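Here's the structure we're looking at; comments come further down.
Atoms within a ligand are numbered from 1 in the order they appear, just like the ligands themselves. If you're wondering where the values come from, they're calculated on a predicted model, not measured in any experiment.
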Amino acid sequence: MLPGPTNVPERVMNAMLTPIINHRGSEFARLYRSVEDGCKNLFQTTNQVLILSASGTGGVDASISSILGPGDSVVVPVFGEFSSRLAESATYAGADTESPTAELGTAPEPEEVEKAMKKLVKPKALCVVYNETSTGVTWRSLSRLKAIADKYGSLFVVDAISVLGGDELPVDKLGVDICIAGSQKCIAAPPGLVLVSLSDRAKRAMESVKPKSQYLDLGKYLKFAERGETPFTPALPLFFALEEALRIIQEEGMDKTIKRHASCAKAFYSAFEAMGVRPFPNEDNRSHTVLCMRYPPGIDDGKFRTLLDQRFDVLIAGGFGKLKGKTFRVGSMGEINESLVTRTLIAIAQALNHQGYRCDEFNAVSSAWQSFKELGLG
Ligand SMILES: Cc1ncc(COP(=O)(O)O)c(C=O)c1O
């Protein structure tokens with residue numbers, strides 16, 4: 001129940017047993033095209049989607065350094081650890097970076113973003129994190145942010161690493177120029193691949209930027225993609241796994257996958273409310289994929305999570321940075337379903353009670369089930 005990597009279905013694990021193939025042959029071209037099609041369904045786009053053998057950060061660095069360089073300016077709003085890393089990627093690329101901030105647990109107001117854009121001469125991009133995994137905040141203003149980007153003629157870049165597949169993000173409808181997703185989150189594949197969609201406008205912007213790293217040069221990936229290949233040796237077992245994971249999403253249907261994530265998150269939030277455990281983010285921007293919850297007074301983070309792990313076999317994450325010891329985070333992604341929600345809630349209630357807190361686990365589970373029932377899923 002970590003906010004990534006998440007549980008990987010057996011079908012996906014088994015796909016990795018496929019014998020290794022020639023990555024410069026027709027078998028790989030078939031695999032590449034199949035993964036590409038699955039990605040387009042996931043991103044809801046007709047844009048090209050590239051697949052890099054790298055973690056999420058590799059995809060972020062590749063995207064940023066392919067469109068930005070010294071002399072360029074960019075706005076990257078910061079409201080947690082991963083948006084801060086996104087801003088850092090822009091600084092690494094040599095771009096002049098303006099970062100409006102917001103208190104942890106909230107997302108910046110679009111007006112603040114616009115003010116930051118106004119300060120710059122021709123901002124080349126507006127880069128945002130859609131789901132801030134460190135605080136459990138989903139920034140629900142993407143269309144307003146896109147309108148701001150458009151007003152300044154800037155590219156709109158979205159780090160959707162911990163949310164694509166788990167919440168609404170129709171790339172084409174929203175007009176996202178670059179969208180980045182990680183294999184190890186809502187897609188329920190193992191870690192190690194990052195998916196990057198590129199609009200034609202983003203491709204054109206790349207033409208005038210001199211790449212700083214050959215491994216992260218998206219121009220090279222585009223060239224090799226024409227013949228269904230990657231420029232460097234791909235992580236073949238992960239490609240087979242991703243193909244299967246995307247097939248599962250297609251079988252379920254994107255709408256249903258997104259709805260399942262929403263209802264599991266809703267059930268979690270209503271059970272936590274029954275337990276008296278409060279979410280860290282504001283109500284308006286609570287994530288459907290990462291639940292960041294405040295510890296009730298007196299609960300020791302290390303002891304709590306060790307008990308969950310050792311007695312209940314449930315792994316959750318602690319708070320990030322300034323929130324360490326103050327919050328815990330539950331990943332509600334990928335394979336997430338009613339039984340995983342129930343099991344996690346019982347374990348959390350018992351582990352809290354073990355440290356002297358008083359909550360009724362049956363009450364909590366009933367609230368979750370009531371929520372599933374109201375949504376027609378119980
Ligand atoms: C929103 C977001 N961006 C970037 C990353 C970095 O991804 P990775 O750790 O796979 O490099 C993460 C990882 O959790 C994330 O949640």
Side-chain angles (χ1 to χ4, degrees), residues 1-8 43 50-65 76-93 99 102 104-108 126-140 142 145 156-167 169 171 176 178-197 213 215-216 235 238 241-242 245 261 265 280-281 285-292 315-321 323-324 327-334 336:
M1 302 302 296
L2 295 171
T6 56
N7 301 307
V8 177
F43 284 69
L50 299 173
I51 305 110
L52 279 65
S53 299
S55 84
T57 312
V60 171
D61 270 346
S63 305
I64 297 294
S65 63
V76 189
V78 170
F79 54 112
E81 173 65 24
F82 293 102
S83 41
S84 168
R85 289 190 198 173
L86 180 59
E88 217 174 316
S89 289
T91 310
Y92 266 98
S99 286
L104 297 183
T106 68
L126 169 59
C127 305
V128 303
V129 166
Y130 180 26
N131 189 65
E132 181 43 89
T133 319
S134 65
T135 59
V137 165
T138 299
W139 201 353
R140 303 212 172 270
L142 287 192
L145 297 170
F156 188 45
V157 179
V158 179
D159 166 349
I161 286 175
S162 61
V163 67
L164 194 72
D167 211 328
L169 183 48
V171 164
V176 178
I178 301 185
C179 182
I180 308 149
S183 56
Q184 78 274 31
K185 312 271 188 183
C186 302
I187 302 168
L193 294 180
V194 61
L195 326 174
V196 180
S197 76
S213 143
Y215 194 73
L216 299 180
L238 296 181
L242 180 62
H261 279 82
F280 181 70
N285 43 32
R286 285 179 196 165
S287 170
H288 291 176
T289 61
V290 183
L291 291 96
C292 181
L315 269 179
I316 64 163
F320 223 113
L323 300 179
K324 202 170 169 51
T327 57
F328 63 88
R329 291 174 304 141
V330 178
S332 184
M333 311 168 163
I336 191 68

Any residue meeting side-chain hydrogen bond (donor to acceptor under 3.5 Å, both in side chains) with S89, in chain and number order, not counting sequence neighbours: D61
Check: T135 side chain, L104 main-chain N or O, donor-acceptor pair, under 3.5 Å: no
Residue pair N131 / T289, side-chain donor-acceptor N/O under 3.5 Å: yes
Spacing of CE belonging to M1 relative to CD1 belonging to I336, to within rounding of 0.5 Å: 3.5 Å
Under the side-chain hydrogen bond (donor to acceptor under 3.5 Å, both in side chains) test, residues paired with S83 that sit two or more places apart: E132
Set of residues satisfying side-chain hydrogen bond (donor to acceptor under 3.5 Å, both in side chains) with respect to E88, sequence neighbours excluded: none
Taking a 3.5 Å cut-off between nitrogen or oxygen atoms, can you list every pair linking ligand 1 to the protein, with distances?
unit_1   : atom_1 : unit_2 : atom_2 : d
ligand 1 : 3 (N)  : D159   : OD2    : 2.7
ligand 1 : 10 (O) : G56    : N      : 2.8
ligand 1 : 10 (O) : Q184   : NE2    : 2.9
ligand 1 : 11 (O) : S55    : OG     : 2.5
ligand 1 : 11 (O) : G56    : N      : 3.3
ligand 1 : 11 (O) : T57    : N      : 2.8
ligand 1 : 11 (O) : T57    : OG1    : 2.5
ligand 1 : 14 (O) : K185   : NZ     : 2.6
ligand 1 : 16 (O) : T133   : OG1    : 2.5

